[in-house]
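Down below is the structure, laid out as structure tokens.
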Amino acid sequence: MDFNLFKPKARGWECLGPSVLAKAATFENSCDLSMWMATRYKANKNDDSFSKWQLEHTSVLNKLNLHLLDEYPEEKIHMECPTQKIPLHGNVLYGTPDAVVEFSNGDLLVADAKSGKKSQSHWIQCGIYGVMLQAAAWSKKKPIPKIFGFALCYGDENSSKSDKENKQFLTITGDNAPDEVLPESTKERIRNILRVSSAPDMPEAKPSSNNCRYCDWKLGCPNATETSNEVTADASHLL
């Protein structure tokens, strides 16, 4: 790995974001080296693309806020509420839920705004936020809140229509919501990612077309695999 191409994170801020961790948990990127680098270094960003993303995200965030105000008019709605750094299984998580609905009985609903395509990792990200909120309360010796559920708000070219019509506001709620979003097998996957990414020794890369295609570290990785455009022979005779 050519470390000179990347800026290291400030000392004491070596950590993973829930979004990156969630993508690894769903095998969008299964490379251990990628998670190890994400813990210690900042990914290079395209300023134009990042600015565009910020504008799109702000639009969906406002849409989420309006929907929550309409759906839960009597409850407290916290937007962009930062969490403290949460140590977990050797690594540290730090992230900001887009919105948290705090019910009168102390239960919480974690919501996130997404400007891209729907992904299973978005639910995992919300689940991780829920664990972080509970951990933050526990570390401050406060009652650990019950997670009532999770919500995702998406934006698209049809955002002028109602949320229900476009199915752009999705929820998973109820007593079993945390286990639906983070079943034990997913938790074990997350625990393993945290342990490997926090280890002092750099793990080996796992190059593949899927892992390397959108990897933030491929420019410095000598093992990175280029996306193949090879067309295989017609195999109709096999079916």
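All values derive from a computational prediction rather than experimental measurement. We count residues from 1, following the sequence as given.
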Quiz item: For Y154, which of H122, K117, K118 qualifies under side-chain hydrogen bond (donor to acceptor under 3.5 Å, both in side chains)?
Solution: H122
Quiz prompt | Non-hydrogen atoms of H67 and F169 that approach each other most closely | solution = NE2-CD2, 3.1 Å
Quiz item: Do S198 and T39 come close enough that some side-chain heavy atom pair is under 4.5 Å?
Solution: no
Quiz item: Which pair of heavy atoms, one from A177 and one from G149, lies closest together, and at what distance?
Solution: CB-CA, 4.0 Å
Practice problem: Indicate if F6 and V20 have the same hydrophobic cluster label, given that clusters are the connected sets of ILVMFWY residues with side-chain heavy-atom separations under 4.5 angstrom. | Solution: no
Quiz item: Does a side-chain N-to-carboxylate-O contact under 4.0 Å join E184 and R191?
Solution: yes
Practice problem: Please tell me if the side chains of M79 and L61 come closer than 4.5 Å, counting only heavy atoms from C-beta onward. | Solution: yes
Practice problem: Identify the two heavy atoms, one from S197 and one from N91, that lie closest to each other, and give their separation to 0.1 Å. | Solution: OG-ND2, 2.8 Å
Exercise. State plainly whether the residues D216 and K45 are in salt-bridge range, i.e. N to O under 4.0 Å.
Key: no
Quiz item: Do V196 and M37 share a hydrophobic cluster, counting only Ile, Leu, Val, Met, Phe, Trp and Tyr and linking them when any side-chain heavy atoms are less than 4.5 Å apart?
Solution: no
Quiz item: Is it true that atom CG of D175 has more than 12 heavy atoms of other residues, nucleotides or ligands lying nearer than 6.0 Å?
Solution: no
Quiz item: Does a side-chain heavy-atom distance below 4.5 Å link I128 with I124?
Solution: yes
Quiz item: Do L16 and V92 have side chains that get closer than 4.5 Å, going by heavy atoms?
Solution: no
Quiz item: Side chains of K146 and D107: does their closest heavy-atom pair fall under 4.5 Å?
Solution: yes
Self-check item: S30 versus N211, side-chain donor and acceptor atoms under 3.5 Å
Solution: yes
Exercise. State plainly whether the residues E188 and R195 are in salt-bridge range, i.e. N to O under 4.0 Å.
Key: yes
Quiz item: Shared ILVMFWY cluster between L170 and V110, side chains joined below 4.5 angstrom?
Solution: yes
Quiz item: Between F103 and Y72, how do the two ring planes meet: parallel, tilted or perpendicular, split at 30° and 60°?
Solution: perpendicular
Practice problem: Identify the two heavy atoms, one from A151 and one from C126, that lie closest to each other, and give their separation to 0.1 Å. | Solution: O-SG, 3.9 Å
Quiz item: Does the side chain to side chain donor-acceptor pair (under 3.5 Å) test come out yes or no for S185 and R189, once each step is laid out?
Solution: CA-CA 6 Å; S185 58; R189 168 72 178 155; over 6 Å; no
Exercise. Taking the six-membered ring of F3 (Phe, Tyr or Trp), confirm whether the NZ or CZ of R40 is under 6.0 Å from its centre and within 45° of its axis.
Key: no
Exercise. Could you check S121 against S119 for side chain to side chain donor-acceptor pair (under 3.5 Å), going step by step and ending with a plain yes or no?
Key: CA-CA 5 Å; S121 67; S119 171; 2.9 Å; yes
Quiz item: Is I193 reachable from L33 through a run of hydrophobic residues whose side-chain heavy atoms are each under 4.5 Å from the next?
Solution: no
Quiz item: Would a hydrophobic clustering, with Ile, Leu, Val, Met, Phe, Trp and Tyr connected at side-chain separations under 4.5 Å, put I77 with L66?
Solution: no
Quiz item: Below 4.5 Å, heavy atoms only, C-beta onward: do K114 and V60 meet side chain to side chain?
Solution: no
Exercise. Side-chain contact test, heavy atoms from C-beta onward, threshold under 4.5 Å: evaluate it for M1 versus W217 and give yes or no.
Key: yes
Self-check item: Sidechain-backbone polar pair: D98 side chain, A113 backbone, donor-acceptor under 3.5 Å
Solution: yes
Practice problem: Kindly determine whether N192 and H89 satisfy side chain to side chain donor-acceptor pair (under 3.5 Å), including the steps that lead there. | Solution: CA-CA 8 Å; N192 184 62; H89 297 282; over 6 Å; no
Exercise answer: donor-acceptor pairs, residues 129-139 side-chain atoms, under 3.5 Å, sequence neighbours excluded:
from : atom 1 : to   : atom 2 : distance (Å)
Y129 : OH     : T96  : O      : 3.3
Y129 : OH     : Q125 : NE2    : 3.1
Q134 : NE2    : P145 : O      : 2.9
S139 : OG     : Q84  : NE2    : 2.9
S139 : OG     : A135 : O      : 3.4
S139 : OG     : A136 : O      : 2.8

Exercise. Determine the minimum heavy-atom distance between W36 and A199, stating which atoms define it.
Key: NE1-O, 2.9 Å
Quiz item: Given L152 and I172, is the side-chain contact (heavy atoms from CB on, under 4.5 Å) satisfied, shown in steps?
Solution: CA-CA 9 Å; L152 290 171; I172 296 177; over 6 Å; no
Exercise. Report, as yes or no, whether the 6.0 Å neighbourhood of atom CG on L238 holds more than 12 heavy atoms from other residues, nucleotides or ligands.
Key: yes
Practice problem: Start with the C-alpha gap between N210 and S208, add the side-chain angles, then the distance that decides, and say whether side chain to side chain donor-acceptor pair (under 3.5 Å) holds. | Solution: CA-CA 5 Å; N210 185 64; S208 70; 5.3 Å; no
Quiz item: Are any non-hydrogen side-chain atoms of V100 and L109 less than 4.5 angstrom apart?
Solution: no
Quiz item: What about the rings of W123 and F150, do their centers lie closer together than 6.0 Å?
Solution: no
Self-check item: Smallest separation among heavy atoms of T26 and K23, with atom names
Solution: OG1-O, 3.1 Å
